[in-house]
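Naming convention: chains lettered A, B, ... in sequence-line order (proteins, then strands); numbering from 1 in each chain.
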2 protein chains.
Amino acid sequence: MTTLTNVTDSATAKGEQTRELILSTALRLFREQGYGKTTMRAIATEAGVSVGNAYYYYGSKDHLMQAYYDLLQDQHREAVEPVLAAERAFVPRLTGVLLTWLEVAAPYHEFAGTFFKTAADPKSPLSPFSDESRPAREASIEIFRRLVEGSDLKVPAELREELPELLWLLQMGVVLFWVHDQSADVRRTKTLVNRAVPLVDKLLRLTRVPGVRGVTNDLVGLIRSIKP
Amino acid sequence: MTTLTNVTDSATAKGEQTRELILSTALRLFREQGYGKTTMRAIATEAGVSVGNAYYYYGSKDHLMQAYYDLLQDQHREAVEPVLAAERAFVPRLTGVLLTWLEVAAPYHEFAGTFFKTAADPKSPLSPFSDESRPAREASIEIFRRLVEGSDLKVPAELREELPELLWLLQMGVVLFWVHDQSADVRRTKTLVNRAVPLVDKLLRLTRVPGVRGVTNDLVGLIRSIKP
DNA sequence: GGGCGCACTTGAACATGTTCAAAAAGTCGG
DNA sequence: CCGACTTTTTGAACATGTTCAAGTGCGCCC
């Protein structure tokens with residue numbers, strides 16, 4: 001990306017190597033002792049570099065978290081493939097996608113709270129609504145677009161169009177619940193998913209009932225009117 | 001609370017005075033320069049006390065924010081009185097309560113993001129779901145209970161029971177939206193409230209339609225199954 | 001080979017939230 | 001008013017995220 005040398009690609013390669021070393025060390029320490037207790041100094045020492053060097057690659061401690069989140073997204077995208085390939089019905093598709101996320105994110109549950117803390121700040125680049133995280137967000141919404149398009153779900157066209165984003169919002173809600181879930185093996189969150197998805201399905205099918213149609217249109221209108 | 005002296009009530013009075021001095025100074029500085037840019041040293045200096053003294057009364061900078069939030073709650077509770085006294089119909093009642101919150105919180109919009117940031121951390125005592133903030137939360141839910149009970153709304157009994165908590169959740173959602181709203185005079189949030197409330201109203205009235213009844217029961221069941 | 005430029009690296013210095021042992025101020029029974 | 005006890009106050013010390021001016025090394029051109 002930066003140098004065009006091709007003999008050994010050393011310049012770029014070395015930098016990338018350091019970058020990855022720092023990230024993997026950071027993630028390991030986050031997992032082992034939590035975000036709060038992991039100091040930038042510890043990360044640097046453990047990785048065998050200086051503190052300043054870590055900042056050369058990652059503008060802040062939060063950016064290391066951001067990088068972790070991107071990784072998580074990728075893993076989720078990958079892990080979701082078999083589900084989308086195997087199922088056609090809406091309920092198992094959505095349940096699968098949400099439960100898969102829980103599985104992928106499980107090792108990080110303990111410090112995910114701190115992640116959310118940072119993410120909730122509108123000024124933070126990590127906010128799920130920020131410009132800076134747009135690529136990650138859109139990649140995530142893309143999963144839900146495929147989920148909808150490949151499913152047997154029948155809903156009014158306007159609603160279908162907004163659905164991926166709405167399902168993404170649903171996932172944000174699930175994540176918020178998950179972060180606060182202290183039950184063993186996050187059983188409560190799993191219950192939430194398993195029971196909420198059929199409910200969402202029922203609701204979506206109801207949108208075709210005449211009496212409900214008006215509400216659906218209102219909803220779509222509302223969504224469109226508040227988009228930035 | 002601590003001493004029973006009544007001659008001048010000096011001991012307690014002096015302590016309380018210092019406590020209030022620190023809080024009001026902090027809130028002023030938060031408003032003037034934002035949460036992040038206000039240092040504990042600045043608060044102490046401005047209030048004419050030592051840094052340690054601020055920590056004697058407030059365990060952390062976040063606790064000063066917590067105190068602010070409690071104040072906000074109180075103001076909201078008060079400001080909402082006329083609305084609940086004047087209106088009987090559900091839509092204006094709910095719209096009024098939500099818009100009133102926006103009004104009361106307006107002066108703090110700029111630094112409210114940082115507040116939410118802290119609040120989103122499940123480990124933080126400021127989390128709206130935490131034990132430590134239970135009193136504030138319940139006081140807030142109480143407003144919605146009165147809103148529902150004094151209204152002309154007709155919904156199934158089980159749902160009505162859960163409604164105050166659900167409306168409180170709705171408010172959390174509005175607040176989240178508000179925090180991220182950068183439009184002038186938070187017009188988008190106001191639009192959201194004005195359009196979402198009638199929609200909620202329609203939805204609630206639909207719960208009495210036979211075909212929808214099943215979904216309502218599912219919803220109530222879901223809510224009860226995931227409560228801690 | 002020598003030097004120029006750039007990517008990379010360093011570690012000390014800084015800013016700020018937080019802690020804490022000690023001092024000061026206040027209270028009260030005698 | 002004294003001395004013991006409690007409440008309040010102090011400010012220096014600490015921990016940690018972040019910045020930055022100064023290196024270090026590597027590739028490339030003459």
Checklist entry - Do other residues, nucleotides or ligands put more than 12 heavy atoms under 6.0 Å from B:Arg195 CZ? => result yes
Checklist entry - OP1 or OP2 of C:dC8 sitting under 4.0 Å from any side-chain N/O of A:Tyr56? => result yes
Next on the checklist: Is the positively charged end of B:Arg93 above the ring of B:Phe144, judged by distance under 6.0 angstrom from the centroid and angle within 45° of the axis?
Outcome noted: no
Next on the checklist: Can you measure A:Ile22 atom CD1 to C:dA7 atom P for me and round it to whole angstrom units?
Outcome noted: 17 Å
Next on the checklist: Let's see if you can work this out: which of C:dT10, C:dT18, D:dT8 has an atom nearest to the side-chain heavy atoms of B:Tyr57?
Outcome noted: D:dT8
Checklist outcome for this item: Atom CG of B:Asp62 and atom P of C:dG17 are separated, to the nearest Å, by 10 Å
Next on the checklist: What is the separation between atom CD on B:Gln17 and atom P on D:dT7, rounded to the nearest whole Å?
Outcome noted: 19 Å
Next on the checklist: Rounding to an integer number of Å, can you tell me how far B:Lys61 NZ sits from D:dA15 P?
Outcome noted: 21 Å
Item to check | C:dT9 OP1/OP2 closer than 4.0 Å to side-chain N/O of A:Thr18 | outcome: yes
Next on the checklist: Closest-nucleotide mapping onto DNA chain C: is A:Arg41 or A:Gly48 further toward the 5' terminus? I mean the 5' end.
Outcome noted: A:Gly48
Checklist entry - Given atom OH of B:Tyr58 and atom P of C:dT18, what is their separation to the nearest angstrom? => result 15 Å
Checklist entry - Do A:Asp62 and A:Tyr35 have a side chain donor and acceptor closer than 3.5 Å? => result yes
Item to check | A:Glu78, CD: over 12 other non-hydrogen atoms inside 6.0 angstrom | outcome: no
Checklist outcome for this item: B:Met40 CE to D:dT10 C1', in whole Å, measures 14 Å
Checklist entry - What is the distance, rounded to the nearest whole Å, between atom CG of A:Asn53 and atom C1' of D:dG23? => result 13 Å
Next on the checklist: Between B:Glu165 and B:Lys227, does any side-chain N to carboxylate O distance fall below 4.0 Å?
Outcome noted: yes
Next on the checklist: Counting the atoms with a prime plus P, OP1 and OP2 as sugar-phosphate, which does B:Val49 contact under 4.0 Å by heavy atoms, base, sugar-phosphate, or nothing?
Outcome noted: sugar-phosphate
Checklist entry - Does the side chain of A:Tyr55 get closer than 4.0 angstrom to OP1 or OP2 of D:dT18 through an N or O atom? => result yes
Checklist entry - Rounded to whole angstrom units, what separation is found between the CD1 atom of A:Ile43 and the C1' atom of C:dG11? => result 17 Å
Checklist entry - With nearest nucleotides of DNA chain D determined for B:Gly52 and A:Lys37 from heavy-atom distances, which residue corresponds to the more 5′ nucleotide? => result B:Gly52
